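The basis for the numbers below is simple: all heavy atoms, side chains too, and nothing from hydrogens, waters or symmetry mates. Chain letters run A, B, ... following the sequence lines, proteins first and then strands; every chain starts at 1. Treat the numbers as computed from the prediction; the structure is a model and nothing was measured.
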Number of protein chains: 2
Amino acid sequence: MKRNSRLSSTLHILVHMAEKPEQALTSEELATFIHTNPVVVRRTIAGLRDAGIVTSSRGHGGGWLLGRAPEAISLAEISAALGETLLPFSTEPESPGCLVEQAVIAVLDDFRVAAEKLLAEKLSRITLADLTADFRRRYDLIGVSSHAV
Amino acid sequence: MKRNSRLSSTLHILVHMAEKPEQALTSEELATFIHTNPVVVRRTIAGLRDAGIVTSSRGHGGGWLLGRAPEAISLAEISAALGETLLPFSTEPESPGCLVEQAVIAVLDDFRVAAEKLLAEKLSRITLADLTADFRRRYDLIGVSSHAV
DNA sequence: TTTCATGTAACTTATTTAGTTACGATAAGC
DNA sequence: GCTTATCGTAACTAAATAAGTTACATGAAA
């Protein structure tokens, strides 16, 4: 799994889970989808469990299932559950007391608040069901679902 | 200079430059504002020179000046000149041929294009002049411009 | 021609994040 | 119960990224 691909990797996993709604998929199986290992998967999607987006069960026959219908899972929730930041820049003060820095941070934070609201709104309108629908469209067109390396 | 603070650090520098419009500031001086060293400053704002946002001159009495009026310098241009990405997530394929991944990337890229347009629009409406105005407001209120450590 | 500045390559250091190992807890099947 | 399969998580290692540093060439003013 590459850097900065936690969101896309997680979506990849979730679409696979949505395609097998009644079958618990193990961390091992999920890991192969995104070319990583089970521990990274558990660590990555632990937040989704806390958010109720997925459930996990231990022991024989255990694994991961969606916590609710794909229609009820938005990308905004997923992104938030991953702890992802939508805007990458920092506004941490480095020169406390500098009025120039304070002005810069104030303006940048205003922008950030407005921008995050906008992005969250856009992301909340895209659901996991939209992704699975897009996948099925491609599948029906090509008829292949192989995982090429 | 902390990680992910290239944008705010650069804005900090630019406001200082806007406050001394006729005085070329050296990389050394700019570096002290953001607690780093001259080479990092040159490297960081090299893109701004290429974009015409600042000019630099070598030799005795040399240094950096704004390339045009603060009213004509938008945060969108600055961010672009820094080579900053507005959205942090990657959509590089990791499993070429996987239709699930293709669907995920397609949806995410659509979102990215729309989001970047939105953010760039918002940032293009904020100019360096807005930042200096905010700074001056704070300065007039408190009457101190010290750089506390 | 000396001094002061940027430009930039090359290297070092620090930070972050993914990957890995190890092991405890839990649950199903026998 | 015992075995096997699975998650949960801590601790460590490795890789990637970005900042910091050193060094030196280039250019311009005094």
J.: For the pair A/Ser5 (side chain) and A/Ser8 (backbone), establish whether a donor and an acceptor sit closer than 3.5 Å, ignoring hydrogens and angles.
T.: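 Checked: no pair found.
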J.: Could you tell me how far apart B/Glu92 (CD) and D/dA16 (C1') are, to the nearest whole angstrom?
T.: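 About 14 Å, once rounded to whole Å.
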J.: Side-chain N or O of B/Asn37 less than 4.0 angstrom from OP1 or OP2 on D/dT21?
T.: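 Affirmative; the distance criterion is met.
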J.: Which one, D/dT22, C/dA18, C/dT6, comes nearest to the side chain of B/Val39?
T.: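 Minimum distance to the B/Val39 side chain belongs to D/dT22.
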J.: Could you check whether any side-chain N or O of B/Ser124 sits under 3.5 Å from a backbone N or O of B/Glu121, counting only pairs where one atom can act as donor and the other as acceptor?
T.: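 Yes; judged by distance alone, with no hydrogens or angles, the pair exists.
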J.: Which whole-number value in Å describes the distance from A/Glu28 CD to D/dG8 P?
T.: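 To the nearest whole Å, that distance equals 15 Å.
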J.: I need the CG-P distance between B/Leu7 and D/dA18, as an integer number of Å.
T.: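 From B/Leu7 CG to D/dA18 P: 15 Å.
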J.: Would you mind telling me which residue lines up with the more 5' stretch of DNA chain C, A/Ser5 or B/Pro38, judged by nearest nucleotide?
T.: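 Going by which nucleotide is closer to the 5' end, it is B/Pro38.
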J.: Which listed nucleotide (C/dA10, C/dT6, C/dT20) is nearest to the side chain of B/Arg49?
T.: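 Nucleotide nearest to B/Arg49's side chain: C/dT6.
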J.: For B/Met1 and D/dA19, what is the distance between atoms CE and P respectively, to the nearest whole Å?
T.: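 Spelled out: CE on B/Met1 to P on D/dA19 is 5 Å.
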J.: From C-beta outward on B/Arg3, which listed nucleotide comes closest to its side chain: D/dT4, C/dT8, C/dT16?
T.: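 Given the options D/dT4, C/dT8, C/dT16, the side chain of B/Arg3 is closest to C/dT16.
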J.: Between C/dA10, C/dG19, D/dG8, which nucleotide has the shortest distance from any of its atoms to the side chain of A/Arg42?
T.: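 For the A/Arg42 side chain, the nearest candidate turns out to be D/dG8.
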J.: Can you identify which nucleotide, out of D/dA5, C/dA18, C/dG7, has its nearest atom closest to the A/His60 side chain?
T.: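 For A/His60, the side-chain atoms sit closest to D/dA5.
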J.: For A/Thr26, is there any backbone N or O sitting under 3.5 Å from a side-chain donor or acceptor partner on A/Glu29?
T.: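 A pair under 3.5 Å: yes.
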J.: In whole Å, I'd like the distance from the CD1 atom of A/Ile34 to the C1' atom of C/dA18.
T.: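 Going from CD1 in A/Ile34 over to C1' in C/dA18 covers 11 Å.
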J.: C/dT6 phosphate, OP1 or OP2: any side-chain N/O from B/Ser56 under 4.0 angstrom?
T.: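 For C/dT6, OP1/OP2 do not have a side-chain N/O of B/Ser56 under 4.0 Å.
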J.: Do the side-chain N or O atoms of B/Ser57 get closer than 4.0 angstrom to the phosphate oxygens (OP1, OP2) of D/dA28?
T.: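 For D/dA28, neither OP1 nor OP2 has a side-chain N or O of B/Ser57 closer than 4.0 Å.
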J.: Nearest to the A/Trp64 side chain among C/dG19, D/dG8, C/dA5, which nucleotide is it?
T.: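 The nucleotide sitting nearest to the side chain is D/dG8.
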J.: How many Å lie between CD on B/Gln23 and C1' on C/dA5, as a whole number?
T.: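 Value for this atom pair: 15 Å.
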J.: What is the distance, to the nearest angstrom, from the CG atom on B/Leu65 to the C1' atom on C/dT6?
T.: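 Interatomic distance, CG of B/Leu65 to C1' of C/dT6: 13 Å.
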J.: Looking only at side chains, do B/Thr44 and B/Arg6 share a donor and an acceptor under 3.5 Å apart?
T.: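 Per modelled atom types, B/Thr44 and B/Arg6 side chains form no pair under 3.5 Å.
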J.: Could you give the CG-to-C1' distance, from A/Asn4 to C/dT16, as a whole number of Å?
T.: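 Answer to the nearest Å: 11 Å.
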J.: Can you figure out which of C/dT6, D/dA19, C/dA18 approaches the side chain of A/Arg43 most closely?
T.: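 That would be C/dA18.
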J.: Using a cut-off of strictly less than 4.0 Å, decide whether A/Thr26 has a side-chain nitrogen or oxygen near OP1 or OP2 of D/dA5.
T.: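 Answer no for this pair, as no side-chain N or O of A/Thr26 is under 4.0 Å from OP1 or OP2.
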J.: What's A/Gly62 touching, base or sugar-phosphate or nothing? Going by heavy atoms closer than 4.0 Å.
T.: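 Sugar-phosphate, no base atom in range.
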J.: B/Gly63 near the nucleic acid: base, sugar-phosphate alone, or nothing, with a heavy-atom cut-off under 4.0 Å?
T.: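 Here B/Gly63 touches the backbone only, sparing every base.
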J.: Among B/Leu14, B/Thr10, B/Leu123, B/Leu7, find the residue that satisfies the side chain to side chain contact (heavy atoms under 4.5 Å, CB included) test when tested with B/Leu75.
T.: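 By the side chain to side chain contact (heavy atoms under 4.5 Å, CB included) criterion, B/Leu75 pairs with just one of B/Leu14, B/Thr10, B/Leu123, B/Leu7: B/Leu123.
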J.: If only atom types and distance count, is the side chain of B/Glu101 paired as donor or acceptor with the main-chain N or O of B/Pro93 below 3.5 Å?
T.: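 Not at all, since once roles are kept as given, no pair shorter than 3.5 Å links the two residues.
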J.: Among D/dG20, D/dA19, D/dC7, which nucleotide sits nearest the side chain of B/Thr36?
T.: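 Between D/dG20, D/dA19, D/dC7, the one nearest the side chain of B/Thr36 would be D/dG20.
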